[in-house]
Every structure is written in C-alpha cells, then in structure tokens.
Engineer: 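My questions will all concern the structure given below.
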Amino acid sequence: MSETPVPNHFIRQIVLDDLASGKHAAIATRFPPEPNGYLHIGHAKSICLNFGMAAEFDGRCNLRFDDTNPAKEDPEYVEAIKEDVQWLGFQWAELRHASDYFELIHRCALKLIRDGRAFVCDLSADEVREYRGTLTQPGRNSPYRERGVEENLDLFARMKAGEFADGSRTLRAKIDMASGNINLRDPALYRIRKVEHQNTGNAWCIYPMYDYAHVVSDAVEGITHSLCTLEFEDHRPLYDWCLDQLPVWNMPELKDELDRLGLKPGRPRQIEFSRLNLDYLVMSKRKLLALVNDGLVAGWDDPRMPTLRGIRRRGFTPEAIRNFIRNAGVTKQESVLEFSLLENEVRNDLDARAERRMAVVDPLKLVITNLPESHDETLTMANHPKDESRGTRAVCFSRELWIEREDFMEVPPKGYHRLVPGGEVRLRGVGIVKCEDVIKDANGDVVEVRCTLDDSTRHGLPGADRKVKGTIHWVSAKHAIAAETRLYDRLFSVADPDDDKDGKTYRDHLNPASVRIVTAQLEAALANVAPETRFQFERLGYFVADRKDHGADRQVFNRVCTLRDSWAKAAK
RNA sequence: UGGGACGUCGCCAAGUCGGUAAGGCACGGGAUUUUGAUUCCCGCAUUCGAAGGUUCGAGUCCUUCCGUCCCAGCCA
C-alpha cells in the first residue's frame with residue numbers, strides 16, 4: 001500500500017527488451033563480492049539490483065565469491081557476507097565461488113594459447129609496466145610475445161606445476177599494445193602465487209586475474225546480465241574479447257566439467273551503473289578498516305559504521321534500506337545521496353511498525369504535590385497511535401516522575417511549549433499539570449519541579465479536552481528501569497569526509513559527539529524485550545535493543561534515529 | 001595531440017518517433033494532533049552545462065566549447 005509504483009530504470013528497460021525480443025527466456029544475474037571485507041551500504045545497491053531484477057522477472061541470481069586472489073581473502077568474510085545478504089532479505093539460487101571454476105578457466109587458457117591468443121611472458125612486473133606505455137603513449141610488444149604455441153603450452157604447464165617463482169612469469173592475452181584502452185595492452189591472465197587458497201587449498205599455484213576469471217565465471221554460469229559499477233566500463237572491451245575468443249557454450253573440451261558442476265553456459269552482457277555514495281560517510285574498505293584497527297569505532301558492527309552489520313546493529317531495517325535504494329534509482333550518473341534520505345526511510349518504516357513507549361534520557365524529578373505519597377495507579381496506553389490492533393499496555397503512574405530535563409525551563413525562549421514556572425503542560429496520558437515550585441541545589445541547578453495535577457483534565461474525562469501548548473513524556477520514578485542508552489549521531493561532521501583538498505583527512509572530521517552513552521529511565525513495559533526489538537520512545541526517537549549487549553542482566557538500547565523535530569530546527 | 005563515461009531544481013531522478021519540464025527528499029506556508037511525531041493541503045526549474053545551428057516547434061537532432069569522473073595492479 002505504501003509502495004509507490006516501481007520506478008523504471010535503464011537496466012530494467014534492457015531486461016524488459018531482452019525478454020520481449022526473446023533474446024532470453026529468463027534472466028540470470030549474480031552478486032560477486034570478493035571475500036576480503038565486510039559488506040557496506042554501497043554494496044546493498046548491487047545486491048538489491050541483482051537479486052531484485054532476478055526476483056522481479058522470475059530469473060535467478062547467484063551469490064558468487066570472486067576469490068581469485070588468495071593472498072587477500074579469508075573464509076571469515078564469506079560467512080559474514082552470506083549472513084548480510086540474507087538479512088537484507090535475499091536468497092541466492094546457487095552459492096558459487098570463482099574458484100569452483102578454476103579447472104574450466106584453465107582449460108579456456110589452453111584454448112587461448114592454442115589459438116595464438118595468449119602467451120607466456122617472462123617480463124618482471126616492473127618491465128611490464130615499462131612496456132605498457134602511458135595514458136598518452138602506446139606500449140611496446142613484449143619480447144616474448146611471439147613464442148610458439150608449443151613453447152607457450154610447455155611453459156604454462158610448468159607454471160602450473162610450480163617450477164617457477166612467484167612473479168617470474170605470467171600468461172598474457174595477445175591483444176594490442178597500442179590500444180588507447182590500457183586494459184587491452186596484452187593484459188595478464190594468470191600469475192604465479194604459491195599461496196594456499198581459502199577454498200581450493202594447495203591445488204593451484206597459478207591464479208587467474210579478475211578480468212579473465214570473472215567473464216568466464218559469468219559465461220559458464222549462464223549469467224545473462226552482468227551488472228557492475230562504472231569503473232569497469234573500460235574493461236568491457238576485454239570482457240567482450242574474452243567472450244569472442246571463448247565461446248564456452250560451444251567448447252567440447254569443457255563439457256564434462258560443465259556437466260560435473262551442473263552448469264549451463266551462455267553469453268553474458270556486461271552493463272555498468274554508478275555506485276551508491278552517501279554524504280557524511282566514508283565507504284572505502286581501507287578507511288573503514290583503519291577506523292576499526294585504530295579503535296576509532298568499536299568494530300565492524302559499530303552502530304556508526306556504514307557496514308551492513310553496523311547499520312543492522314544501529315537498528316535500521318532491511319525494508320528501509322531496500323526502499324531507500326529503490327527510490328534512489330539506477331543510472332550511470334555519479335551521485336552522492338543525502339544520508340537523510342536513508343534516515344527518512346527508516347522513520348517511515350519504523351513509524352508504521354514500532355510500538356510506542358516512554359523513556360527519559362536526561363531525567364529531572366517532577367513531584368505531583370497534590371497526590372499522596374502512596375499513590376500508585378496503572379494507566380492503559382495505546383501501543384500505536386494509528387493502529388489499534390497493536391493493543392495497549394499498562395503504564396505505572398505515581399507521585400514522583402522523571403521528565404526530560406529539556407522539557408522544563410526557567411527562562412524559556414519564545415515559542416517554548418513545555419513546562420515553565422507557573423505554566424501548564426500535559427503529561428502524556430495523564431492530564432494537565434501546573435508548575436508551582438522549583439527546587440535548586442547549592443549550585444543553583446534545578447533538581448526538582450513541583451506541580452499540581454488538575455484532576456478535571458485526567459485522560460478520558462471531558463476536561464481533558466482543554467488545550468495546553470505542550471505534551472511531555474514521563475516515567476514513574478519508582479517503577480522505572482535504568483538502562484544503558486547509546487545516543488548515536490553521524491560519525492563525521494562534514495558532508496564529504498574524503499575531501500582532503502584543505503589538507504585535512506577524514507580523521508580530522510570525526511564527529512566527537514557521534515555517540516553519547518547515558519543511563520535512561522524506562523517505563524516498566526520495556527523490561528526483558530528481545531534483542532533487536534525496535535520501539536519509538538515517544539518524542540525522542542526510535543530505539544533498538546542492542547543485538548549484542550542487550551540481555552536480562554544488562555539492558556542496552558541504541559538510538560536508531562531521532563524523530564523529526566521542527567522545534568529544534570526553529571530554535572536554531 | 002590517449003581511451004572511456006557523465007552533465008535536467010539544494011540532493012536524487014523521470015522525460016517514447018523533436019510538440020512545449022513527472023515524482024521523491026529538502027525547503028517555505030497552512031490545517032489536524034494528548035508525540036513541536038505522524039497525516040493532510042498549498043508553494044517550490046519560462047528552464048534542461050554553455051554557445052551556435054536545423055526546425056513552425058529541441059532537454060530531446062547537428063556543431064563547437066566548458067566542467068566532472070574513471071583507466072598506466074602480476075588488486076577486484
């Protein structure tokens with residue numbers, strides 16, 4: 001119902017056209033992370049796009065780990081990635097690894113050599129760089145470029161057998177050293193790395209490069225639409241070159257292996273879209289890693305981190321993230337989205353789903369002097385103002401309450417609607433109270449406000465219709481539960497922390513107030529809730545019971561985000 | 001004097017075969033409200049990076065120019 005019509009975008013249009021023309025009977029996509037780090041909100045766009053397109057058109061989407069560089073990858077990440085993808089709400093058709101295809105990829109390399117399209121090159125990395133030329137000058141052919149097929153086959157076999165040292169030789173494609181596109185200047189296909197692989201162990205000591213392995217992986221899996229980000233646009237000619245040289249859907253020498261893996265190959269098309277960027281955040285793996293390693297945040301799942309784990313712990317919902325990404329659209333335009341858009345979707349989602357509770361984050365004592373010491377009353381309050389089916393809860397009310405310190409001011413600014421000396425305010429769900437007295441400590445700080453409750457305005461009575469400017473929330477002091485409450489704010493104080501033109505780095509822009517830990521007073525109904533349960537603490541914001549630290553012995557709530565606050569905005 | 005891409009409101013983003021600028025967020029104003037929340041109204045680009053040109057008519061076609069991003073890993 002809240003779903004607006006799905007906005008069309010150029011990739012959906014391509015899929016629509018391909019289906020309409022009969023080019024494909026069904027589509028297949030894949031989400032191909034390298035297991036060398038945690039997923040972040042930027043990845044969520046690719047996940048939603050790939051899984052989303054497949055779901056929308058009854059196709060399939062694989063989760064494929066692009067694990068072609070064993071030096072960087074770790075199985076710890078593959079589990080985390082699987083969990084994050086599922087949390088976001090998606091399920092893969094097949095779970096694969098590029099390394100599942102090492103045999104196929106190797107056979108393809110053999111064909112390239114036999115066809116005179118690849119050669120073993122003895123140049124060192126430095127020499128390759130010299131021969132490559134520059135952006136404006138063409139490169140030169142490697143002196144090993146014209147080796148015969150038999151020699152190449154022999155050398156490549158010996159590379160595979162481990163006869164040569166790391167870095168001493170590569171298998172290179174033979175394309176065009178003069179191409180304006182540097183990716184076409186005889187790119188490396190295989191390098192020697194005598195490193196144990198997280199999935200294949202010590203079976204291989206030569207590993208295929210991304211460009212080569214990725215296209216073969218796409219093709220053997222029968223991926224129809226290979227969606228990736230803009231920086232791979234330059235790689236597409238190489239992607240297509242590989243497909244031209246290696247029609248894996250028609251290579252008899254691949255058949256047994258394809259059958260063994262249950263693969264049905266096809267010719268994929270690579271399509272690039274712009275990545276998701278958000279203001280007030282850094283997204284690079286390097287910087288996120290540094291934040292963790294240097295103790296600037298509490299870990300990969302710190303609620304201030306843009307990792308999916310962090311965002312989850314913060315209390316954002318998968319639905320909100322999906323809506324956010326859907327609304328952002330898919331284009332080839334580089335853009336930076338406002339973080340507030342995401343926050344908006346979170347508020348939208350939580351407003352509808354989160355039950356209301358009362359909690360006081362910065363307590364000030366309020367005593368209702370015309371109530372007896374022993375007064376003990378149980379009120380019934382709605383769990384949700386717009387959804388009766390959410391039921392009601394019991395709320396304890398007594399003579400001494402906690403109210404929010406900022407809801408009382410001795411000298412209020414113009415437009416202040418809350419409690420002031422001699423003024424009236426409504427206690428949510430109770431009635432109208434009038435401030436008769438203010439008690440201060442030796443420093444002159446207010447420690448208690450004393451009020452009288454107007455009995456004719458009690459909730460449910462006709463007198464309750466009497467208008468007062470403000471309504472404030474409260475918690476019965478003697479029934480309150482103290483709980484650790486973490487008030488989060490943005491991690492960075494500037495919109496573009498990556499901008500270092502002024503000589504400052506992202507570290508200089510860390511928001512010193514990105515988290516404030518306080519002891520809040522909660523209403524009793526908040527006792528013993530399950531971790532990850534979300535509530536709106538009325539007038540304060542949305543809060544979630546911490547996924548990790550919250551339990552029966554220690555109650556811990558994280559502020560997901562505040563409510564919109566037009567008063568705070570006006571007061572500025 | 002390399003190659004590739006992108007430039008429509010503050011941020012995103014629709015704009016079929018050229019026919020006279022959707023929507024969301026933000027922002028401003030108002031109504032409702034026992035959350036200064038939610039909800040609901042109203043307003044918000046004579047203009048599409050710029051300049052020429054073609055045309056009865058151009059964001060959409062042509063030309064030139066300007067700006068931004070990506071590429072010289074045996075990383076992905």
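Everything numeric in this text was worked out from a predicted model, so none of it was measured. Naming: A, B, ... by sequence-line order, numbering from 1 per chain.
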Engineer: Under the rule for salt bridge (charged side-chain N to carboxylate O under 4.0 Å, His left out), what residues qualify as partners of Arg564(A), not counting sequence neighbours?
Structural biologist: none
Engineer: Just how far, in rounded Å, is P of U16(B) from CD of Gln13(A)?
Structural biologist: 11 Å
Engineer: Using only side-chain N and O atoms of Arg539(A), determine if any of them is under 4.0 Å from OP1 or OP2 of G36(B).
Structural biologist: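 Result: yes.
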Engineer: Starting from C1' on A26(B), measure out to CZ on Arg347(A) and report it in whole angstrom.
Structural biologist: 12 Å
Engineer: Please give the stem ranges for RNA chain B, sorted by first residue number, where a stem is three or more consecutive Watson-Crick or G-U pairs and both donor-acceptor distances are under 3.5 Å.
Structural biologist: B:2-7 with B:66-71, B:10-12 with B:23-25, B:27-31 with B:39-43, B:49-53 with B:61-65
Engineer: How far does the C1' atom of U35(B) sit from the matching atom of A76(B), given to the nearest Å?
Structural biologist: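 About 48 Å, rounded to a whole number of Å.
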Engineer: With heavy atoms under 4.0 Å as the rule, sort Gly470(A) into base, sugar-phosphate or nothing.
Structural biologist: nothing
Engineer: Taking side chain to side chain contact (heavy atoms under 4.5 Å, CB included) as the test, write out the residues that go with Thr331(A), two or more places apart.
Structural biologist: Ser274(A), Gln333(A)
Engineer: Does Phe273(A) reach the side chain of Ser46(A), with side-chain heavy atoms less than 4.5 Å apart?
Structural biologist: yes
Engineer: Determine the contact category for Tyr542(A): base if any of its heavy atoms lies under 4.0 Å from a base atom, sugar-phosphate if only primed atoms, P, OP1 or OP2 are that close, otherwise nothing.
Structural biologist: nothing
Engineer: Checking all strands, does Ala570(A) fall into the base, sugar-phosphate, or nothing category for heavy-atom contacts under 4.0 angstrom?
Structural biologist: nothing
Engineer: Could you tell me which residues satisfy salt bridge (charged side-chain N to carboxylate O under 4.0 Å, His left out) with Arg393(A), sequence neighbours excluded, listed by chain and number?
Structural biologist: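 Salt bridge (charged side-chain N to carboxylate O under 4.0 Å, His left out) list for Arg393(A), sorted by chain: Glu523(A).
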Engineer: When every nucleotide of nucleotides 69-76 of chain B is labelled 5' to 3' by its protein contacts under 4.0 Å (heavy atoms), B for base, S for sugar-phosphate only, - for none, what sequence of letters results?
Structural biologist: SBBBSBBB
Engineer: Please classify G73(B) as syn or anti, treating any glycosidic angle within 90° of 0 as syn.
Structural biologist: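 Syn conformation for G73(B).
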Engineer: Calculate the interatomic distance between Asp387(A) atom CG and U39(B) atom P; express it in whole Å.
Structural biologist: 15 Å
Engineer: Distance check, rounded to the nearest 0.5 Å: Leu227(A) atom CG versus Asn50(A) atom CG?
Structural biologist: 4.5 Å
Engineer: Using the C1' atom in both, what is the distance from C12(B) to A22(B), to the nearest Å?
Structural biologist: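 Rounded to whole Å, the distance is 14 Å.
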Engineer: Are Arg539(A) and Glu404(A) ion-paired here, with the side-chain N under 4.0 Å from a carboxylate O?
Structural biologist: no
Engineer: Expressed as a whole number of angstroms, how long is the span from Trp241(A):CH2 to G3(B):P?
Structural biologist: 22 Å
Engineer: Using only side-chain N and O atoms of Ser340(A), determine if any of them is under 4.0 Å from OP1 or OP2 of C11(B).
Structural biologist: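 No, because none of the side-chain N or O atoms of Ser340(A) sits under 4.0 Å from OP1 or OP2 of C11(B).
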Engineer: Just call it for Pro138(A): base, sugar-phosphate, or nothing, with non-hydrogen atoms closer than 4.0 Å on any strand.
Structural biologist: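 Nothing: the residue Pro138(A), judged by heavy atoms under 4.0 Å, touches no strand.
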Engineer: Rounded off to whole Å, could you give me the CZ-to-P distance for the Arg326(A) and C25(B) pair?
Structural biologist: 12 Å
Engineer: Would one find a side-chain N or O of Arg357(A) under 4.0 angstrom from OP1 or OP2 of U35(B)?
Structural biologist: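 For U35(B), OP1/OP2 do not have a side-chain N/O of Arg357(A) under 4.0 Å.
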Engineer: Starting at CZ of Arg275(A) and ending at C1' of C6(B), how long is that distance when rounded to a whole Å?
Structural biologist: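 So the two atoms are 16 Å apart, to the nearest Å.
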Engineer: Quantified in whole Å, what is the P atom distance between nucleotide C61(B) and nucleotide G67(B)?
Structural biologist: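 Comparing P positions in C61(B) and G67(B) gives a spacing of 23 Å.
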Engineer: Looking only at atom P, what distance separates G23(B) and A31(B), rounded to whole Å?
Structural biologist: 25 Å
Engineer: Between C6(B) and A13(B), how many Å separate the two C1' atoms, rounded to a whole number?
Structural biologist: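 So the two C1' atoms sit 15 Å from each other.
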Engineer: Mind checking the C1' distance from G49(B) to A5(B)? Whole angstroms is fine.
Structural biologist: 16 Å
Engineer: For a quick check, with a 4.0 angstrom heavy-atom cut-off, what is the B/S/- contact string for nucleotides 28-33 of chain B, read 5' to 3'?
Structural biologist: ------
Engineer: Within 45° of the ring axis of Phe119(A) and under 6.0 Å from its six-membered ring centre, is that where the NZ or CZ of Arg172(A) lies?
Structural biologist: no
Engineer: For residues 336-350 of chain A, which residue pairs pass the salt bridge (Lys or Arg N to Asp or Glu O under 4.0 Å) check, not counting sequence neighbours?
Structural biologist: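 Of all non-adjacent pairs touching residues 336-350 of chain A, those that pass salt bridge (Lys or Arg N to Asp or Glu O under 4.0 Å) are Glu343(A)-Arg347(A), Asp349(A)-Arg353(A).
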Engineer: Using the P atom on both, measure G7(B) against U54(B) and round to a whole Å.
Structural biologist: 26 Å
Engineer: How many Å lie between CD on Glu404(A) and P on A37(B), as a whole number?
Structural biologist: 17 Å
Engineer: Sequence neighbours excluded, which residues qualify as salt bridge (charged side-chain N to carboxylate O under 4.0 Å, His left out) partners of Glu76(A)?
Structural biologist: none
Engineer: Just N and O in the side chain of Gln333(A): are any of them under 4.0 Å from OP1 or OP2 of U68(B)?
Structural biologist: no
Engineer: Give one of base, sugar-phosphate or nothing for Glu272(A), where a contact means two heavy atoms less than 4.0 Å apart.
Structural biologist: nothing
Engineer: Do the charged groups of Lys72(A) and Asp67(A) touch, with an N to O distance under 4.0 Å?
Structural biologist: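 Not counted as a salt bridge, because no side-chain N and carboxylate O are separated by less than 4.0 Å.
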Engineer: For the P atoms, the ones on G18(B) and on A58(B), what distance do you get once it is rounded to whole angstrom?
Structural biologist: 13 Å
Engineer: In chain order, what residues pass the salt bridge (charged side-chain N to carboxylate O under 4.0 Å, His left out) check against Glu221(A), with sequence neighbours excluded?
Structural biologist: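 Expected list: Arg64(A).
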Engineer: Between the base of U34(B) and the side chain of His459(A), is there a donor-acceptor distance below 3.5 Å?
Structural biologist: yes
Engineer: Please classify the nucleic acid contact of Arg236(A) as base, sugar-phosphate, or nothing, using heavy-atom distances under 4.0 Å.
Structural biologist: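 No contact.
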Engineer: List the residues meeting side chain to side chain contact (heavy atoms under 4.5 Å, CB included) with Thr452(A), not counting sequence neighbours, and say none if there are none.
Structural biologist: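 Thr369(A), Asn370(A), Lys434(A), Glu436(A).
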Engineer: Show every salt bridge (Lys or Arg N to Asp or Glu O under 4.0 Å) that has at least one partner inside residues 176-191 of chain A, sequence neighbours left out.
Structural biologist: Arg145(A)-Asp186(A)
Engineer: What's Val336(A) touching, base or sugar-phosphate or nothing? Going by heavy atoms closer than 4.0 Å.
Structural biologist: sugar-phosphate
Engineer: How would you label the contact of Ser179(A) with the nucleic acid (heavy atoms, under 4.0 Å): base, sugar-phosphate, or nothing?
Structural biologist: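 No contact.
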Engineer: Which one, G36(B), C25(B), G2(B), comes nearest to the side chain of Asn344(A)?
Structural biologist: C25(B)
Engineer: Which pairs count as ring-ring contact (aromatic ring centres under 6.0 Å, His included) when at least one residue sits in residues 155-189 of chain A, sequence neighbours excluded?
Structural biologist: His106(A)-Phe156(A), Phe156(A)-Tyr190(A)
Engineer: Which distance, rounded to the nearest 0.5 Å, do you find between the CG of Asp74(A) and the CD of Glu34(A)?
Structural biologist: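 Asp74(A) CG to Glu34(A) CD: 11.5 Å, rounded to 0.5 Å.
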Engineer: Of Leu341(A) and His417(A), whose closest RNA chain B nucleotide lies nearer the 5' terminus?
Structural biologist: Leu341(A)
Engineer: Provide, to the nearest angstrom, the distance between the CZ atom belonging to Phe339(A) and the C1' atom belonging to C12(B).
Structural biologist: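 That distance rounds to 16 Å.
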